[in-house]
Amino acid sequence: MFFMPSVLPKVELSYNQSSNSSFFLVLFDYGYCPVGLFCAATTRLIVKHKWEINKGEDQYRNKINFDCTFSGKSYNVIFSAFSAHYEVCLKEKALPGVKYIIYQNINDVFGKVCDDMKYPPPSYGFYCPGESCKYVDASYPHPAKCTFSDESKQMECYYSGKRSGLTEEYKQWFSSPLQVQMVSQEQIKVHSSQPKMRDQVVKLEGVPTVKLLTSLPIKVNGEEKKLKIIQRTSTHYTDLAMHLLNDDNCDILDALKKEFHHNPVDITTAIYKKWINGVAESKPATWKTLVDVLIEIELKSLAEEIQTALHLE
């Protein structure tokens, strides 16, 4: 099947003013959307990240309706191209972990296609809050670029330079929360005594980070401890590279061994970083992926500890 957005009809777009949906903007410092980028990004979302075209909605060269599945649940994501920015809109309410996965997919796609097409990478932001902006036409929806130079996270208007803080909803797009949602008791009961853990259906929302992989907070008999995933998997870095990065020929691993002088912990950390950043054809960076891989490489006890640590009380 071939999909060519450039041959589709064009539709008149309206700015997203709905409180029932959540969105962020893809921005370009040179003030316009580069030629061919929307088509290239759409194609890569389909091929690399398995975003599916929503067959129940009309599609346009400047507006694509996607049907995306994250952790077993379907979400409607609309990808729209305006003259100077792109808009990524999530129509349903979702946990922060889902928003972050969408942002990661978009960031990976634009990092790759901008590099291939020799364009500078984009920035991300939202529409500037008009009531606090000194822009001459503040009532007109205009973008504000997000800055992450401090923990507070701010957005700065492209036109007036006015800065304002990000709301908690906005911050969710660029945060990696530890979010977990298990299916109902009728569908699954996770116990360490169950023999066929890999056959169970587990929904783990949110994505791993190097910080959490280094030291994941857990409770054991009411006592708080740290689960050191990187350290405990460092003896299996060859298997991790093969399963997480699809590095069957060990090309990536050989380069990492040379770079980190065969230090197992440093090599393992680098493998996780590449996996989280979506290098090459790596598997999706989710906790479920990690759990499945750990079981596959015979680290089942660690997989069970991670599942236990990620339970919501």
Side-chain angles (χ1 to χ4, degrees), residues 16 18-26 41-42 44-54 56-57 63-80 86-111 122 124-127 146 148 153 155 166-184 187-188 190 200-213 216 244 272 275-278 282-293 306-307 309-313:
N16 194 334
S18 173
S19 60
N20 296 324
S21 59
S22 185
F23 61 93
F24 68 93
L25 307 179
V26 183
T42 298
R44 187 166 175 83
L45 284 170
I46 296 171
V47 175
K48 171 69 186 296
H49 294 288
K50 310 305 179 187
W51 286 28
E52 295 185 0
I53 298 297
N54 190 329
E57 298 287 344
K63 180 181 179 182
I64 304 297
N65 282 270
F66 285 107
D67 187 15
C68 306
T69 301
F70 303 109
S71 300
K73 185 176 179 181
S74 180
Y75 296 92
N76 180 211
V77 181
I78 300 176
F79 186 33
S80 303
Y86 297 147
E87 183 183 278
V88 181
C89 176
L90 174 64
K91 299 302 291 185
E92 296 88 2
K93 290 185 177 181
L95 290 175
V98 171
K99 293 181 178 181
Y100 185 68
I101 292 173
I102 293 173
Y103 160 70
Q104 268 206 324
N105 287 179
I106 292 291
N107 189 45
D108 168 71
V109 162
F110 278 102
Y124 300 98
F126 304 94
Y127 291 121
C146 288
F148 304 99
K153 294 188 178 70
M155 55 181 173
L166 292 180
T167 65
E168 289 304 314
E169 182 181 6
Y170 284 168
K171 289 180 182 179
Q172 289 173 2
W173 284 105
F174 310 115
S175 302
S176 178
L178 191 62
Q179 294 287 343
V180 185
Q181 182 178 1
M182 307 303 290
V183 296
S184 65
Q187 293 173 298
I188 180 175
V190 178
Q200 297 172 357
V201 181
V202 182
K203 290 186 178 181
L204 303 177
E205 301 219 64
V207 296
T209 64
V210 171
K211 181 178 180 180
L212 292 175
L213 291 170
L216 179 67
L244 293 179
Y272 281 123
W275 172 55
I276 291 169
N277 291 331
S282 57
K283 292 184 177 178
T286 66
W287 288 106
K288 185 182 186 309
T289 297
L290 180 58
V291 166
D292 289 343
V293 166
I306 293 173
Q307 285 185 317
L310 295 177
H311 268 293
L312 288 180
E313 297 295 332

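All of these numbers come straight from a predicted model, not from anything done at the bench. Residue indices begin at 1 and follow the sequence shown.
In this structure, the separation between CZ on Phe174 and CG on Leu166 is 7.5 Å, given to the nearest 0.5 Å. In this structure, Lys73 NZ and Glu92 CD are separated by 7.5 Å, a value rounded to the nearest 0.5 Å. To the nearest 0.5 Å, the span separating CG on Leu45 from CD1 on Ile102 amounts to 10.5 Å. Atom NZ of Lys93 and atom OH of Tyr75 lie 13.0 Å apart (nearest 0.5 Å). Within the model, atoms CD1 of Ile46 and CD1 of Ile64 stand 7.5 Å from one another, a figure rounded to the nearest 0.5 Å. Taking CG of Asn105 as the start and SG of Cys68 as the end, the distance is 8.0 Å to the nearest 0.5 Å.
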Inset, instruction - Go through Leu25 and Val88 one step at a time and tell me if the side-chain contact (heavy atoms from CB on, under 4.5 Å) criterion holds. - result: CA-CA 6 Å; Leu25 307 179; Val88 181; over 6 Å; no

Inset, instruction - List the steps and the verdict of side-chain contact (heavy atoms from CB on, under 4.5 Å) for Ile53 and Phe66. - result: CA-CA 5 Å; Ile53 298 297; Phe66 285 107; 3.9 Å; yes

Inset, instruction - Might you work through the side-chain contact (heavy atoms from CB on, under 4.5 Å) test for Lys91 and Val77, ending with a clear yes or no? - result: CA-CA 6 Å; Lys91 299 302 291 185; Val77 181; over 6 Å; no

Inset, instruction - Check the pair Lys50, Thr69 against side-chain contact (heavy atoms from CB on, under 4.5 Å), reporting the backbone distance first and the verdict last. - result: CA-CA 9 Å; Lys50 310 305 179 187; Thr69 301; over 6 Å; no

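Contact detail for Cys146 and Gly125: the closest heavy-atom pair is SG-CA, 3.5 Å.
Judged purely by distance below 3.5 Å, without hydrogens or angles, the side chains of Tyr127 and Glu87 pair a donor atom with an acceptor atom. Between Trp51 and Thr42, the side chains place no donor N or O within less than 3.5 Å of an acceptor N or O (distance only, hydrogens not considered).
Residues Val26 and Tyr124 have side chains in contact (heavy-atom distance under 4.5 Å, counting atoms from C-beta outward). Contact annotation: the side chain of Leu90 never approaches that of Phe23 to less than 4.5 Å [non-hydrogen atoms, C-beta and beyond]. Side-chain contact between Asp108 and Arg44 is present, with heavy atoms from C-beta onward closer than 4.5 Å.
Taking Tyr170 as the reference, Phe126 meet the ring pair (Phe, Tyr, Trp, His ring centres under 6.0 Å) condition, with sequence neighbours excluded. Applying the side-chain hydrogen bond (donor to acceptor under 3.5 Å, both in side chains) criterion to Ser74, with sequence neighbours excluded, gives Asp67. For Asn76, the side-chain hydrogen bond (donor to acceptor under 3.5 Å, both in side chains) criterion is met by no residue, not counting sequence neighbours. Under the rule for a side chain to side chain contact (heavy atoms under 4.5 Å, CB included), the partners of Glu57 that lie at least two apart in sequence or sit in another chain are Asn54, Gln59, Asn65. By the ring pair (Phe, Tyr, Trp, His ring centres under 6.0 Å) test, Tyr86 is found to be paired with Phe28, Phe38, Phe79, Phe110, residues two or more places apart in sequence or in another chain being considered.
Between Trp173 and Phe24, the gap from one ring centroid to the other is short of 6.0 Å.
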